[in-house]
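Reading through the structure tokens given below for one structure.
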2 protein chains.
Amino acid sequence: MSAITVSRALREPARVAEETRRAVLRAIARLGYVPDLVAGALASRRSRIVGAIVPTIAGAMFADTVQGMSDAVHAEGYQLLLGAHGYDLGAELALVQAFIGRRADGLIVTGVQHAPATRRILAASGLPVVETWDIGRRPLDMIVGFSNFRAARAMAEYLLARGYRRLAFISGPLRAHDRSRPRRDGFRAGARHAALVELHMTDGSDMRSGAKAIVELLARDPKVDAAFFVNDTMAAGALMECTRRGWPTPGRVAIAGFGDFEVAAAVAPALTTVRISGYEIGRRAALMLTARLAGKEVSHAIVDLGFEVVARDSA
Amino acid sequence: MSAITVSRALREPARVAEETRRAVLRAIARLGYVPDLVAGALASRRSRIVGAIVPTIAGAMFADTVQGMSDAVHAEGYQLLLGAHGYDLGAELALVQAFIGRRADGLIVTGVQHAPATRRILAASGLPVVETWDIGRRPLDMIVGFSNFRAARAMAEYLLARGYRRLAFISGPLRAHDRSRPRRDGFRAGARHAALVELHMTDGSDMRSGAKAIVELLARDPKVDAAFFVNDTMAAGALMECTRRGWPTPGRVAIAGFGDFEVAAAVAPALTTVRISGYEIGRRAALMLTARLAGKEVSHAIVDLGFEVVARDSA
DNA sequence: CACTCGAATGTTAGCGCTAACATACTTTTA
DNA sequence: TAAAAGTATGTTAGCGCTAACATTCGAGTG
């Protein structure tokens, strides 16, 4: 029995006689043979590896997305090579190069902003790429996400419709290329007929930072009646701080978040937020990629998963 | 200039004349050459890939660990191949096989319980392995974690010392091989002189499940005066539910969690919990592995990161 | 019954790199 | 000053697999 027969028995069972296939499987079990996928990848020029790049894994935001990618990718028989760039476009470039060097069959990246060198290398590689977590005008290739601008604008409109008149936008550090910026711009657009205060915390976008922010905000401008946070983690932190200080929400100040993380529905009062599904973004991105790799025509190369303003008790 | 010179210029710059090295780098930049790490891995029999297997990526528990592994692994010039098995030992086996097939240089797995076939294959592979999130008597190879048993026991002792007399242990589904079991056993051991109620929710270990659990618990046994949850997520969910119902914590019932997740310090009242660092577990595991791969003698193959009962307001 | 055809299996070459050994040339040392 | 020891680069072979092209053989066809 030659090597190629074993190879075929494992990869294309239909092209091998039933009896041969069974003999191969028996021999493999007996010998504990584990096919070398590295050698296979070199010979076939397909690695069955998907590279994924997120800003950060920790935190509710992208952990779900990574889970979605992981689930979908494994279900399709691929492996997930993961990298986090910490909001550094240079680090993103390094990861893209490393993943291309690993001969990943396709890449999933976060956002639509990339260093020029990154765009160039991706284009030159000819690999299928999915951008996520945003919808841009000219995607590199495929894209799955939603409009951060419109989502934030919808929240501003919701707050105005509820009668709030002096709004605040609160974010963590505003990096050049994260999702805070379009959300701020969208919120500004929606709040253009109202007073708007902006506060950018420099020390993170976590619960502690949210707690600090709401105190700082109301000290600076006590008349603010509704605060929109760039994510639910910050918003929940702020909400808890209000509880601690006995400030009723929305009585003293209304609070809204973004993301509909698990914590949003669970806090008391429940958090008004914008629902988007990080898991679904990851899953769909992975499925689009593997479908393309399977030679299927991906008709919808731009998938807008949309968003939904979820009205709860806090605003 | 031969291929090997290019290879050396990139991998061992010191072994190539300065001038040659510069010429190589110039040519690489001009041609846009990206070394094929797959071919390199095949030839050198080292892939510079670390395989990591966690039960789940979503949720505060392991996302931090994955982040820690990712950071450390990239800093050492490795790539992270990630898999999640969803608490299924068969899926864990499949991932181990896939990662060995990918010729990962080493593996990081979660927990100390593995299918016999998994242990066999890992041993046969001869790869360095780090187990995490627990401390076992006979590790496969290296291990970094803490004693879930002792941590939970310490919490029981803390609660008794605070004067609580009727304790409850609340977890999600008790799987054969997750960290709930040693925590339950430890809590039992610490609570042996007190009344103990156990409640295992079948529908998850998230905030919603925690909220449901506390209601169910007090309906079943109104005299319980302190409830210990298997993780902070559940505990925070319960805490919020109490707030919602106007049950003072710890007035009506004391609540304690596990993990010292971000939410623990942020909720009101702040959550009494057991502090352990998921990030540090991931980071240390990765560093131990890469140190071993670099040929360094890893003297402490068993790293107990310990734990700390953090007394806050809820218990 | 020679012939085509298709199913099952085999042979050959090569994927792009690097380990190991070889060579050319320079510097040090006895 | 010739041998020894380094420094820089090159040559060869092969890592373990699979694409592409044989080959074999039995079944169906005219």
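- Side-chain polar atoms of B:His177 and B:Glu92 form no donor-acceptor pair below 3.5 angstrom.
- A close approach under 4.0 Å does occur between a side-chain nitrogen or oxygen of B:Thr20 and OP1 or OP2 of D:dT9.
- For C:dG10, its base sits under 3.5 Å from the side chain of A:Arg8 at one donor and acceptor pair at least.
- In this structure, B:Glu18 places its CD atom where more than 12 heavy-atom neighbours from other residues, nucleotides or ligands lie under 6.0 Å away.
- Side-chain contact, A:Thr233 with A:Asp206: no donor N or O sits under 3.5 Å from an acceptor N or O.
- Positionally, the nearest nucleotide of DNA chain C for A:Glu18 lies more toward the 5' end than for the other of A:Glu18 and A:Ile4.
- Using modelled atom types, one finds no donor on one side chain facing an acceptor on the other under 3.5 Å when comparing B:Asn148 with B:Arg179.
- For the pair B:Leu37 CG and C:dC15 P, the interatomic distance rounds to 18 Å; values are reported in whole Å.
- If you check D:dC17, C:dC17, D:dA8 against the side chain of A:Tyr33, the one that comes closest is D:dC17.
- At a threshold of 4.0 angstrom between heavy atoms, the contacts of B:Ser2 include nucleobase atoms, whether or not backbone atoms are also involved.
- A:Val38 comes within 4.0 angstrom of nothing in the nucleic acid, heavy atoms only.
- For the OP1/OP2 pair of C:dC15 and a distance below 4.0 Å, the side-chain nitrogens and oxygens of A:Ser44 include no atom meeting the criterion.
- Remark: A:Ser7 is not in phosphate contact with D:dC17, judged by side-chain N or O atoms under 4.0 Å from OP1 or OP2.
- Across the protein-nucleic acid pair, A:Arg21 atom CZ and C:dT9 atom C1' stand 16 Å apart, rounded to whole Å.
- Straight-line distance from the CG atom of B:Asp36 to the P atom of C:dG16: 7 Å, rounded to whole Å.
- Rounded to whole Å, the distance from CD on B:Glu12 to C1' on D:dA8 is 13 Å.
- Rounded to an integer number of Å, the gap from CZ of A:Arg102 to P of C:dC15 is 21 Å.
- At D:dA19, one or more side-chain N or O atoms of A:Arg11 fall inside 4.0 Å of OP1 or OP2 (strictly under the cut-off).
- When rounded to the nearest whole Å, the span between CZ of A:Arg15 and P of D:dA20 equals 11 Å.
- An OP1 or OP2 oxygen of D:dA8 is reached within less than 4.0 angstrom by no side-chain nitrogen or oxygen of B:Thr5.
- Rounded to an integer number of Å, the gap from A:Arg103 CZ to D:dG16 P is 20 Å.
- Heavy atoms of other residues, nucleotides or ligands lying less than 6.0 angstrom from CD of B:Glu12 number more than 12.
- Contact annotation: B:Arg45 does not reach the phosphate of C:dA19 (side-chain N/O to OP1 or OP2, under 4.0 Å).
- In the set D:dT18, D:dT9, C:dT18, D:dT9 carries the atom at the smallest distance from any side-chain atom of B:Val16.
- Mapped onto DNA chain D by nearest heavy atom, A:Ala43 and B:Ala3 fall at different nucleotides, with B:Ala3 at the one closer to the 5' end.
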